[in-house]
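Below: one structure, written as structure tokens.
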Amino acid sequence: QGQLVESGGGLVQPGGSLRLSCVVSGSIFNSNTMAWYRQAPGKQRELVATITTGGTTNYADFAKGRFTISRNNAKVYLQMNSLKPEDTAAYYCNTLPLGYRWGQGTQVTVSS
């Protein structure tokens with residue numbers, strides 16, 4: 001059983017929305033800043049958003065105003081609005097700093 005299990009991706013048109021979820025093992029969730037990362041084909045994995053145990057959030061510039069990270073009950077969420085084709089990537093959750101094996105990720109494809 002994985003410690004980090006992402007879901008919620010899919011194919012969406014530009015301007016659409018998706019809500020990603022990540023189930024996190026309790027011991028990890030309760031003690032760590034959590035984050036969403038993404039990796040587009042041919043590119044390095046990049047940080048999208050973070051949330052501390054106290055709920056303080058931070059976003060990459062490309063995510064500000066469009067994405068919202070939240071956490072509750074051993075789950076981490078990423079609400080993504082106004083999606084653009086350049087948001088196409090596999091999305092992963094993990095701690096910040098990185099501390100655990102990557103999950104399988106969830107694919108987000110933004111295309112008309």
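Sequential numbering from 1 along the given sequence is applied to the chain's residues. Hydrogens, waters and symmetry mates play no part in the numbers below; they use all other heavy atoms, side chains included.
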Nearest 0.5 Å please: distance from the SG atom of Cys22 over to the CZ atom of Arg71.
-> 10.5 Å
Going from CG on Asn72 to OG on Ser21, what distance comes out if it is rounded to the nearest 0.5 angstrom?
-> 11.0 Å
Side chains of [X] and [Y], heavy atoms from C-beta outward: is any pair under 4.5 Å?
X	Y	value
Thr50	Met34	no
Arg101	Gln3	no
Glu46	Phe62	yes
Gln107	Thr109	yes
Asn30	Thr53	no
Leu78	Val48	yes
Val24	Leu4	yes
Ser111	Pro85	no

Taking [X] for the side chain and [Y] for the main chain, is one N or O donor matched with an acceptor at less than 3.5 Å?
X	Y	value
Ser25	Ile28	no
Arg19	Gly9	no
Gln104	Glu6	yes

Between Lys64 and Asp61, does at least one N-O distance fall below 4.0 Å, as a salt bridge requires?
-> yes
Tested for side-chain contact (heavy atoms from CB on, under 4.5 Å) against Phe67, the lone hit among Leu20, Leu83, Thr57 is Leu83
Which atom of Val110 lies closest to which atom of Lys84, heavy atoms considered | CB-O, 3.2 Å
Distance-minimising heavy-atom pair for Val108 and Met80 | CG2-CE, 3.7 Å
Listed by chain and number, what are the side-chain hydrogen bond (donor to acceptor under 3.5 Å, both in side chains) partners of Tyr91, not counting sequence neighbours?
-> Arg38
Excluding sequence neighbours, so at least two apart, what forms side-chain hydrogen bond (donor to acceptor under 3.5 Å, both in side chains) with Asn81?
-> Ser17, Gln79
According to a 4.5 Å side-chain heavy-atom criterion applied to Ile, Leu, Val, Met, Phe, Trp and Tyr, with indirect links allowed, do [X] and [Y] form part of one hydrophobic cluster?
X	Y	result
Leu47	Ile69	no
Val76	Tyr100	yes
Leu96	Leu98	yes

Pairwise ring pair (Phe, Tyr, Trp, His ring centres under 6.0 Å) hits with a residue in residues 11-41, at least two apart | Tyr37-Trp102
Answer yes or no: are there more than 12 heavy-atom neighbours, outside Asn73 itself, under 6.0 Å from its atom CG?
-> no
